[in-house]
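Keep in mind that the numbers below use all heavy atoms, side chains included, and drop hydrogens, waters and symmetry copies. Please read all numbers here as calculations on a predicted model, not as lab measurements.
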Amino acid sequence: MRSIDMTEATWNRLLALRQGKVAPMPADDAYRLYAPIAGARRQFVLAQVGQSLDGRVATPAGDARDVSGPDGLAHLHRCRALVDAVIVGVGTVKADDPKLSVRMVSGPAPVRVVIDCHADLSGDEGLFHDGGAPVIVFRSSTVKAHSLPASEVISLPQTSSGLDPYDILDALARRNLLRVLVEGGARTIARFIDAGLVDRLHVAISPIIIGSGPSGIMLPPIERLSGAHRPKADVYSLGSDILFDCHFERDSLSGRQSEQIRVANPA
């Protein structure tokens, strides 16, 4: 198992790599983990889950605070600082009212993206009023439009299952937002995975047992393990949490028949 000891020098080098100022090259374990994100020059999608030992991300009542340890949270904020945009579903916004900031690390804050297929956001949510990074909201073109403060609203065609993740990434790419973090919720992450659009999946596991509650990734059921995703994974000790850095191949569905998987409204 590799260990992450993030020094100021390594972090500054990663931020420089993000800006294209240095060539990617092997260094310490921290650089090795984050360089694929910072150094991506094409479209790159990272999905991130912070969960308990038993695979839960919250209690049944929805309390998700402190599921990740302090080092797991610092890792998440590093990932945000190295991407151009962070995506969450409307359910995550309603449940957690997240800032999606990089307050635990130095670096730029990503554009905040919310998938709100059915226009459930009221405009009173905190991210519209906190003066933070820009906000983009994706909606179905079939819903009745209402304005949202301090945000760009993008309407996309709706399939029978919701919004197409390809369309979402294409719209972000047209705005030069190529490095994307899909942060939640469980269904949103699963649909990007099953659409074959994820390059890396980070699963940070904290030594806490919740016992019941929502899981971190909600993939469609399979009958046989031969249909399971089996990505190559590197394992890192973050300190308080253990991280699995899973390598996916784009457009490879690991035996699943999932061409019709789309991003629906639930998050």
Side-chain angles (χ1 to χ4, degrees), residues 1-4 33 37 45-80 86-98 100 115 165 180-249 252-256 258 261 263-267:
M1 182 185 300
R2 298 167 177 167
S3 295
I4 299 302
L33 172 62
I37 310 167
V45 177
L46 167 69
Q48 150 75 26
V49 177
Q51 64 183 44
S52 65
L53 282 172
D54 52 346
R56 311 294 180 178
V57 295
T59 67
D63 181 10
R65 189 177 299 275
D66 299 329
V67 168
S68 294
D71 297 314
L73 289 174
H75 163 74
L76 175 59
H77 285 226
R78 291 183 198 120
C79 291
R80 290 176 183 169
V86 55
I87 295 177
V88 294
V90 64
T92 296
V93 174
K94 285 184 166 296
D96 301 335
D97 196 22
L100 303 175
I115 301 172
V180 177
L181 169 62
V182 183
E183 188 173 318
R187 293 184 181 90
T188 299
I189 292 172
R191 289 181 176 108
F192 274 86
I193 291 174
D194 259 347
L197 294 173
V198 171
D199 295 281
R200 295 287 182 95
L201 169 66
H202 284 183
V203 181
I205 300 175
S206 177
I208 178 175
I209 298 174
I210 299 175
S212 59
S215 60
I217 304 174
M218 297 182 65
L219 289 162
I222 58 174
E223 291 186 5
R224 306 183 69 85
L225 287 178
S226 59
H229 293 285
R230 296 180 183 272
K232 174 184 176 294
D234 296 317
V235 184
Y236 294 85
S237 171
L238 298 175
S240 62
D241 300 53
I242 300 298
L243 178 73
F244 287 80
D245 176 23
C246 304
H247 303 231
F248 281 79
E249 294 184 9
S252 172
L253 301 187
S254 302
R256 295 173 185 266
S258 302
I261 293 293
V263 175
N265 184 53

**Report entry** Verdict with reasoning, Ile4 to Leu33, per side-chain contact (heavy atoms from CB on, under 4.5 Å)
**Finding:** CA-CA 9 Å; Ile4 299 302; Leu33 172 62; 3.9 Å; yes
Report summary line: For Ile189 and Ala47, the nearest pair of non-hydrogen atoms, with its separation, is CG2-CB, 3.9 Å
Query - Gap separating the CZ atom of Phe248 from the CG atom of Leu201, nearest 0.5 angstrom - result: 5.0 Å
Query - Worked check of side-chain contact (heavy atoms from CB on, under 4.5 Å) between Ile87 and Phe192 - result: CA-CA 11 Å; Ile87 295 177; Phe192 274 86; 4.1 Å; yes
Report summary line: Output for pair (Leu181 CG, Leu76 CG), nearest 0.5 Å, gives 6.5 Å
Query raised in the report: When rounded to the nearest 0.5 angstrom, what is the spacing between CG in Asp234 and CE in Met1?
Result: 11.5 Å
Query - side-chain hydrogen bond (donor to acceptor under 3.5 Å, both in side chains) against Gln51, all qualifying residues, sequence neighbours excluded - result: none
**Report entry** Contact check, side chains of Asp194 and His229, non-hydrogen atoms, under 4.5 Å
**Finding:** yes
Query - Closest heavy-atom pair and its distance - Ala204, Gln48 - result: CB-NE2, 4.3 Å
**Report entry** Nearest-0.5 Å distance that lies between atom CD1 in Ile210 and atom OG in Ser52
**Finding:** 4.0 Å
Which donor-acceptor pairs under 3.5 Å do side chains of residues 61-72 form with protein atoms, sequence neighbours excluded?
residue: Asp63; atom: OD1; partner: Arg65; partner atom: N; Å: 3.2
residue: Asp71; atom: OD2; partner: Ser240; partner atom: N; Å: 2.8

Requested in this report: Hey, could you give me the NE2/CG distance between His77 and Leu100, rounded to the nearest 0.5 Å?
Outcome: 9.0 Å
Report task. Name all residues meeting the ring-ring contact (aromatic ring centres under 6.0 Å, His included) criterion together with His202; count only those two or more places apart in sequence or in a different chain, and write none if there are none. Result -> His75
Report summary line: In this structure, CZ of Arg230 is separated from SG of Cys246 (nearest 0.5 Å) by 13.0 Å
Query raised in the report: Passes side-chain contact (heavy atoms from CB on, under 4.5 Å), Ser237 versus Ile242? Steps please.
Result: CA-CA 5 Å; Ser237 171; Ile242 300 298; 4.1 Å; yes
**Report entry** Asp199 side chain vs Leu46 backbone, donor-acceptor pair below 3.5 Å
**Finding:** no
Query raised in the report: Do the side chain of Thr188 and the main chain of Val88 share a donor and acceptor less than 3.5 angstrom apart?
Result: no
Report task. For the pair Asp54 (side chain) and Ile209 (backbone), establish whether a donor and an acceptor sit closer than 3.5 Å, ignoring hydrogens and angles. Result -> no
Query raised in the report: If you take all heavy atoms of Ile222 and Gly227, which pair is closest and at what distance?
Result: CD1-C, 3.9 Å
**Report entry** Atom of Gly50, atom of Val57 and distance for their closest heavy-atom approach
**Finding:** O-CG1, 3.5 Å
Requested in this report: With the side chain counted from C-beta on, respond yes when Ile217 and Val49 share a heavy-atom pair under 4.5 Å apart, and no when they do not.
Outcome: yes
Query - Shortest non-hydrogen separation from Pro231 to His247 and the atoms involved - result: CB-O, 3.3 Å
Report task. List the atom of Ser206, the atom of Asp241, and the distance in Å for their closest heavy-atom pair. Result -> CB-OD2, 3.3 Å
